[in-house]
Amino acid sequence: MLRHPNLPVSFFVQNRARLRALLPPGSAAVVFSGEILPSENADTHYPFELNRSYYYLTGLMQPGGILWLFPGAPLSELEEVLFIPVSTAQQRLWEGWSYSLVEAAQVSGVQEVKPLSEWAGFWRRHLGLVQALYLDFNEHERQTTGQFPSQAHRFARRLQQEHPAHRIERLAPLLYRLRMKKSPEEITRIREAIAITQEAYQRIMPLLREGVYEYELEAEILYIFTRHRAEPAFPSIIAGGERACVLHYTFNSQPLRGGELVLIDMGARYGWYAADLTRTLPVGEIDAERRRYLAWVADVQQYAQTVLKPGISLHQWHSTVVTYIREGLLSLGLLSQDEPLDAYKRYFPHGLGHFLGLDVHDVGYRYEPLEAGMVVTCEPGLYIPQKGIGIRIENDLLLTENGCENLSAALPDLLGL
């Protein structure tokens, strides 16, 4: 009944086995699926955001679920237990299908699946068997503000109130290390998301002419995504002219002008895995200056791919390529030798890349060596607001044993030229 295609049950069984192997003896882990939150408008709700780690371990895609893992439990039926909401007749009338206990077992491979109503009695009854409880808090590096208390936060508070001597540990470092390195099934999903995104670029190419509105391009992108059972992995950025200098421009409300560039940053999410590609395209004929800047950003993209390999960290990769960028800005006449080393940020103010997978900005560790099987983006750019020029070229790269593979190589960096 769900739109997203799923991975085979063996994938989720293997992921749980790998996580159980990382848990210290006597420890259990609890992972919540996420919940539907009511909005402030009448009887509406915010769109449901599935906890990607819950999906990674169960394959289930609906709210309200809880996974319990207890390797080495005294009874085998306590090692893996899944709790899911069971719909009432009234809920089925209004909302339709949801997983039954049998279906949840078939999708996840978890043999012990129970109604969510049994969760409260279950954990209280078995907590005394556990030395430490590992909870999945969001520890993504891009967090800068406090979060709405999640299910994990609220459960931790209850534990601290009712069982203050019990130890709570962080599950994120264990889960993140698993999720960073992609399996063959995951890489296939990412390739599929990239292929859909590439088709969307081809769809909009004939429409790039003066007078076309940015939202008209967005509509064509949504058509391609929806036709392939995908959805936007993030709000598409379609920014003509000087608007491309706003890094997260999403108004997509203005007409294109002939002779300018339009920056398009988009990515399909297919089977929960994301693509993230950016191209900067000409609207009709463009002048020599814009062509020169485009060619330079494409050159930086190619250089960055030669530098990326296992053993280097994202931070080191960024620093190495930034040196090349600064030299290029000097040759372009945009910087002078007497300016400080960080003056390049005036024209390239963001990071070179980020991890990619179940999340667009996927989990990972920026200062640790990269390994084969990890997927990152590469997105050098050049932003000159006073000239109305913003350029970014972004590819999705798979770390291999000796370097990297450009998963988006079928889409030319200089598309449309």
Side-chain angles (χ1 to χ4, degrees), residues 2-8 11-12 15 47-57 59-61 140 142 176 178-205 217-238 248 250 263-279 281 301 305 308 353-364 372-379 392-400 404-413 415:
L2 295 171
R3 178 185 296 184
H4 280 283
N6 215 345
L7 291 169
F11 173 77
F12 308 109
N15 289 344
F48 171 58
E49 275 294 328
L50 178 66
N51 177 358
R52 307 294 193 263
S53 291
Y54 176 84
Y55 173 76
Y56 182 79
L57 296 170
L60 302 182
M61 306 182 199
H140 196 280
R142 290 174 68 87
Y176 288 10
L178 294 179
R179 283 180 51 184
M180 284 172 68
K181 196 168 183 178
K182 305 301 187 280
S183 69
E185 298 98 327
E186 292 177 288
I187 293 168
T188 296
R189 273 289 185 266
I190 294 171
R191 290 184 190 275
E192 291 168 330
I194 289 171
I196 295 168
T197 307
Q198 290 171 337
E199 183 177 335
Y201 271 106
Q202 298 299 336
R203 173 86 179 186
I204 63 177
M205 283 296 298
L217 302 181
E218 184 178 18
E220 297 298 326
I221 292 167
L222 289 171
Y223 167 75
I224 293 297
F225 287 3
T226 305
R227 197 182 68 164
H228 289 288
R229 292 199 294 167
E231 60 190 23
F234 54 91
S236 297
I237 298 169
I238 305 167
H248 285 171
T250 56
L263 187 156
I264 301 177
D265 187 345
M266 63 166 157
R269 181 185 303 286
Y270 181 71
W272 293 107
Y273 285 84
D276 188 2
L277 301 179
T278 307
R279 293 295 184 267
L281 308 171
Q301 173 68 238
Q305 292 181 34
L308 184 65
H354 53 79
F355 294 102
L356 182 72
L358 281 167
D359 285 299
V360 179
H361 288 262
D362 208 20
V363 297
M374 296 179 179
V375 179
V376 301
T377 67
C378 180
E379 48 185 309
R392 185 163 65 250
I393 299 173
E394 181 179 20
N395 286 318
D396 300 339
L397 310 179
L398 168 66
L399 274 291
T400 61
C404 69
E405 176 191 351
N406 180 5
L407 299 176
S408 44
L411 192 70
D413 289 351
L415 184 65

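Treat the numbers as computed from the prediction; the structure is a model and nothing was measured.
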I'd like to know whether R227 forms a side-chain contact (heavy atoms from CB on, under 4.5 Å) with E199, so could you lay out the CA-CA distance, the side-chain angles of the two residues, the decisive distance to 0.1 Å, and finally the verdict.
CA-CA 11 Å; R227 197 182 68 164; E199 183 177 335; 2.6 Å; yes
Apply side-chain hydrogen bond (donor to acceptor under 3.5 Å, both in side chains) to residues Y55 and N6 and explain how you reach the verdict.
CA-CA 10 Å; Y55 173 76; N6 215 345; 2.7 Å; yes
Are F225 and Y270 near enough that their ring centres are under 6.0 Å apart?
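Here the rings of Y270 and F225 have centres that are no less than 6.0 Å from each other.
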How far apart are the closest heavy atoms of [X] and [Y], and which atoms are they?
| X | Y | value |
| --- | --- | --- |
| A268 | A230 | CB-CB, 4.1 Å |
| M61 | P5 | CE-O, 4.2 Å |
| I224 | A200 | CG2-N, 3.9 Å |
| L411 | Q198 | N-NE2, 3.7 Å |

For [X], check salt bridge (Lys or Arg N to Asp or Glu O under 4.0 Å) against everything at least two apart and list the hits.
| X | answer |
| --- | --- |
| E185 | none |
| E192 | R189 |
| R179 | D359, D362 |

Quick check against the 3.5 Å criterion: does E220 have a side-chain atom that pairs as donor or acceptor with the backbone of L217?
no
Is there a donor-acceptor contact under 3.5 Å from the side chain of Q305 to the main chain of C404?
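A pair under 3.5 Å: no.
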Quick one: [atom1] on [X] to [atom2] on [Y], what's the gap to the nearest 0.5 Å?
| X | Y | atom1 | atom2 | value |
| --- | --- | --- | --- | --- |
| L281 | L415 | CG | CG | 5.5 Å |
| E218 | T250 | CD | OG1 | 8.5 Å |
| K182 | L398 | NZ | CG | 10.0 Å |

For [X], give me all partners under ring pair (Phe, Tyr, Trp, His ring centres under 6.0 Å), at least two apart in sequence or on another chain.
| X | value |
| --- | --- |
| Y54 | none |
| Y201 | none |
| F234 | none |

Could you tell me if the side chain of [Y] sits less than 4.5 Å from the side chain of [X], heavy atoms only?
| X | Y | result |
| --- | --- | --- |
| V360 | R269 | yes |
| T226 | R3 | yes |
| P232 | M266 | no |
| R52 | V363 | no |
| I237 | R392 | yes |
| T377 | H361 | no |

For I238, the option from D265, I264, I204 that meets side chain to side chain contact (heavy atoms under 4.5 Å, CB included):
I264
Is there a side-chain contact (heavy atoms from CB on, under 4.5 Å) between I194 and L277? Walk through the geometry before answering.
CA-CA 8 Å; I194 289 171; L277 301 179; 4.1 Å; yes
Hey, mind stepping through V375 and F355 against side-chain contact (heavy atoms from CB on, under 4.5 Å) and telling me if it holds?
CA-CA 6 Å; V375 179; F355 294 102; over 6 Å; no
Parallel, tilted or perpendicular, as decided by the 30° and 60° cut-offs, for the rings of W272 and H4:
parallel
Given the rule in the side-chain hydrogen bond (donor to acceptor under 3.5 Å, both in side chains) test, do S408 and D396 qualify, once you have shown the distances and angles that lead to the verdict?
CA-CA 6 Å; S408 44; D396 300 339; 5.2 Å; no
Determine, for R279 against D413, whether the closest basic-nitrogen to carboxylate-oxygen distance falls under 4.0 angstrom.
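Here R279 pairs with D413 in a salt bridge, since their nearest N and O are under 4.0 Å apart.
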